[in-house]
K.L.:
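A single structure is presented below for examination.
Below, read A as the first sequence line, B as the second, and so on, with proteins coming before strands; counting in each chain starts at 1.
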Number of protein chains: 2
Amino acid sequence: MSISNPKQALYEQFAAVAKALGNPQRLELVEHLAQGPRSVDALASKLCLPIANVSQHLQAMRRAGLVTSERDGKFINYRLADESVLAAFAAIRAVAERHSAEVERVVRGWFDQRDNMEPVSREELASRMNDGLVTVIDVRPADEFALAHLPGAINLPLSELESRLPALEAGREIVAYCRGPWCVMSFEAVAELRKRGFNARRLEDGLPEWKAAGLDVEASA
Amino acid sequence: MSISNPKQALYEQFAAVAKALGNPQRLELVEHLAQGPRSVDALASKLCLPIANVSQHLQAMRRAGLVTSERDGKFINYRLADESVLAAFAAIRAVAERHSAEVERVVRGWFDQRDNMEPVSREELASRMNDGLVTVIDVRPADEFALAHLPGAINLPLSELESRLPALEAGREIVAYCRGPWCVMSFEAVAELRKRGFNARRLEDGLPEWKAAGLDVEASA
DNA sequence: CCTACATTCAATAATTCCGTTGAATGAACT
DNA sequence: AGTTCATTCAACGGAATTATTGAATGTAGG
């Protein structure tokens, strides 16, 4: 940790950032924070982890400059430091996608039939939405939906999907999305919907990427 | 390492990639490999590290899918797996640049005067080169220069810079580049040239970024 | 002031990571 | 076959990371 050599000091800074991203739990925290600011407590219950554990991870990420925190009454809200953090996450994901047979394997585990599991791109969805050709469902929990969602999307949390299936118009194309490209909820939703005979596909990305691309989002009152 | 939960399995894959980048020495290896394929031995002597150490780092990176290796006679050449690795490195660098006061501090250590230390962008340099207005110097060691360099650049390794200064036309604008945006050699070169009264600036990026942008490179015979 | 509650801190143990050492492998050359 | 040389392997110790526990801090509200 000596600062003698400036070149080494630089690499250590860069490595510190990568190291802060080098943990599955912290990556999951990033994905949740990409939906919007959250308190330690809220994150802990989403991830089903001890609060102290989450707190420490968040502090580690703060030290590396990934997140910032702000007190709000009794709570402390963490948020992503800036868009570059999400970009870094995406870049790492891209490396993993190209290499890792494991990633492929996981995805295939969801779909026996690999045909037409291709996700819908942002651009494609945006144009279909304009034409009113598609029902967009947001499978995230209601609280995340309330903060921001795609315009016109209906909230159908995974836990309630089965019971609320009758509300969906059969035959109409359905596109499901959730937190991000590898958030498993939309995979599960599409698998479930297909099993029931719906014409369902997945949005390639999640809400954060949609927002980052400068497209409109809606918020509930 | 259990594969029970697919969501967790994904995050672990992603984390593994980030972890492989989360070490200063490995990042330096990435930067060198970005110049072109190298043997373990060549990398070890560039970084001044024990060979076994470098070998292990490279194997860790190979496990994470960052590099691939190929035997060539007695040597084993490692190379970056694909461009996405360099993109991930750049993304991490970007996070560090936004946050880290330390990064700022290091850069300022080189320049007392902060004015006109702004780097030249790729686009700007490309157009000036077309107009023949600028002398481009490549301050990397001769072997790296030989593999690939900017068209028309002259090789002036940092170690020989002082002795070969007379070869430079005074008054003409000089742009120096090296391995990448934070490779310190070009910082040092510019500082030295300025001290001698030359009108010198740094290219914002290094050779790998130039190549990745699809611009032309030259190679020596 | 006292309580409730969100968060952080401190201390611990289990695990993993890192660098070093010296031996083993494997290809090229004599 | 035997030698040389690049690389890898195996094993060790020290350092850092991680999850867990329980206590401490600090804010809000009665």
K.L.:
Side chains of B:Trp182 and A:Phe14: does their closest heavy-atom pair fall under 4.5 Å?
P.N.:
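When only atoms from C-beta onward are counted, A:Phe14 and B:Trp182 do touch, with a gap below 4.5 Å.
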K.L.:
Could you go over nucleotides 28-30 of chain D and give all protein N or O partners under 3.5 Å, atom names and distances?
P.N.:
none

K.L.:
Between A:Tyr78 and C:dT8, is there a contact of a side-chain N or O with OP1 or OP2 at under 4.0 Å?
P.N.:
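So the side-chain polar atoms of A:Tyr78 do come within 4.0 Å of the phosphate oxygens OP1 or OP2 of C:dT8, strictly under.
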K.L.:
For the pair made of CG in A:Asn77 and C1' in D:dT27, what is the distance, rounded to whole Å?
P.N.:
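Result: 14 Å.
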K.L.:
Between B:Asp138 (side chain) and B:Asn155 (backbone), is there a donor-acceptor pair under 3.5 Å?
P.N.:
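Such a contact is absent between B:Asp138 side chain and B:Asn155 backbone.
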K.L.:
Would you kindly give the CD-to-P distance between A:Gln8 and C:dG19, to the nearest whole Å?
P.N.:
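One finds 10 Å between P of C:dG19 and CD of A:Gln8, rounded.
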K.L.:
Could you name each residue pair satisfying side chain to side chain donor-acceptor pair (under 3.5 Å) that touches residues 19-37 of chain A, not counting sequence neighbours?
P.N.:
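Only A:Arg26-A:His57, A:Glu28-B:Lys7, A:Glu31-B:Tyr11, A:His32-A:Arg179, A:Gln35-A:Arg140 qualify under side chain to side chain donor-acceptor pair (under 3.5 Å).
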K.L.:
Would you say B:His57 places a side-chain N or O within less than 4.0 Å of OP1 or OP2 belonging to C:dG19?
P.N.:
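It does, given that an N or O in the side chain of B:His57 lies less than 4.0 Å from OP1 or OP2 of C:dG19.
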K.L.:
Want to settle it: does B:Ile51 or A:Asn53 sit nearer the 5' end of DNA chain D, counting the closest nucleotide to each?
P.N.:
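The residue mapped nearer the 5' terminus is B:Ile51.
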K.L.:
By nearest nucleotide on DNA chain D, pick out whichever of A:Ala52 and A:Lys19 is the more 5' one.
P.N.:
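Whichever sits nearer the 5' end wins; that is A:Lys19.
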K.L.:
Sequence neighbours excluded, which residues qualify as salt bridge (charged side-chain N to carboxylate O under 4.0 Å, His left out) partners of A:Arg164?
P.N.:
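A:Glu160.
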K.L.:
Testing B:Glu204, B:His149, B:Met185 one by one against B:Tyr177 for a side chain to side chain contact (heavy atoms under 4.5 Å, CB included), which residue passes?
P.N.:
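Output: one option passes, namely B:His149.
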K.L.:
Below the 4.0 Å mark, does D:dC9 have OP1 or OP2 next to a side-chain nitrogen or oxygen of B:Gln59?
P.N.:
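For B:Gln59, the contact criterion (side-chain N or O under 4.0 Å from OP1 or OP2 of D:dC9) is met.
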K.L.:
Measure CG/A:Leu49 against P/D:dT20 and give the value in whole Å, please.
P.N.:
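Those two atoms, CG and P, are 8 Å apart.
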K.L.:
Could you state the atom-to-atom distance from CG of A:Leu43 to C1' of C:dT7 in whole Å?
P.N.:
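Whole-Å distance recorded here is 13 Å.
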K.L.:
Starting from C1' on C:dG19, measure out to CG on B:Leu29 and report it in whole angstrom.
P.N.:
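So the CG-C1' distance, B:Leu29 to C:dG19, works out to 14 Å.
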K.L.:
Does A:Asn23 put a side-chain nitrogen or oxygen below 4.0 Å from OP1 or OP2 of D:dT17?
P.N.:
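Negative; the distance criterion is not met.
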K.L.:
Is there a side-chain contact between A:Ser55 and the phosphate of C:dT8, meaning an N or O under 4.0 Å from OP1 or OP2?
P.N.:
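Yes, such a contact exists.
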K.L.:
Is there a side-chain polar atom (N or O) of B:Arg26 under 4.0 Å from OP1 or OP2 of C:dC18?
P.N.:
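Yes, such a contact exists.
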K.L.:
What is the distance from CZ of A:Arg71 to P of C:dA6, rounded to the nearest Å?
P.N.:
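So the two atoms are 12 Å apart, to the nearest Å.
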K.L.:
For B:Gln56, report the nucleic acid contact type (base, sugar-phosphate, nothing); a contact means any heavy atom under 4.0 Å.
P.N.:
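B:Gln56: base contact, heavy atoms under 4.0 Å.
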K.L.:
Starting at the 5' end of DNA chain C, which residue's closest nucleotide do you reach first, A:Arg62 or B:Gly22?
P.N.:
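Whichever sits nearer the 5' end wins; that is A:Arg62.
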K.L.:
Under a 3.5 Å distance rule, please check whether A:Arg38 uses its side chain to pair with a backbone N or O of A:Ala44 as donor and acceptor.
P.N.:
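Here the side-chain-to-backbone pair does not exist.
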K.L.:
Spell out, as yes or no, whether a donor-acceptor pair under 3.5 Å connects the side chain of B:Arg71 to the backbone of B:Gly73.
P.N.:
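Confirmed, B:Arg71 side chain pairs with B:Gly73 backbone.
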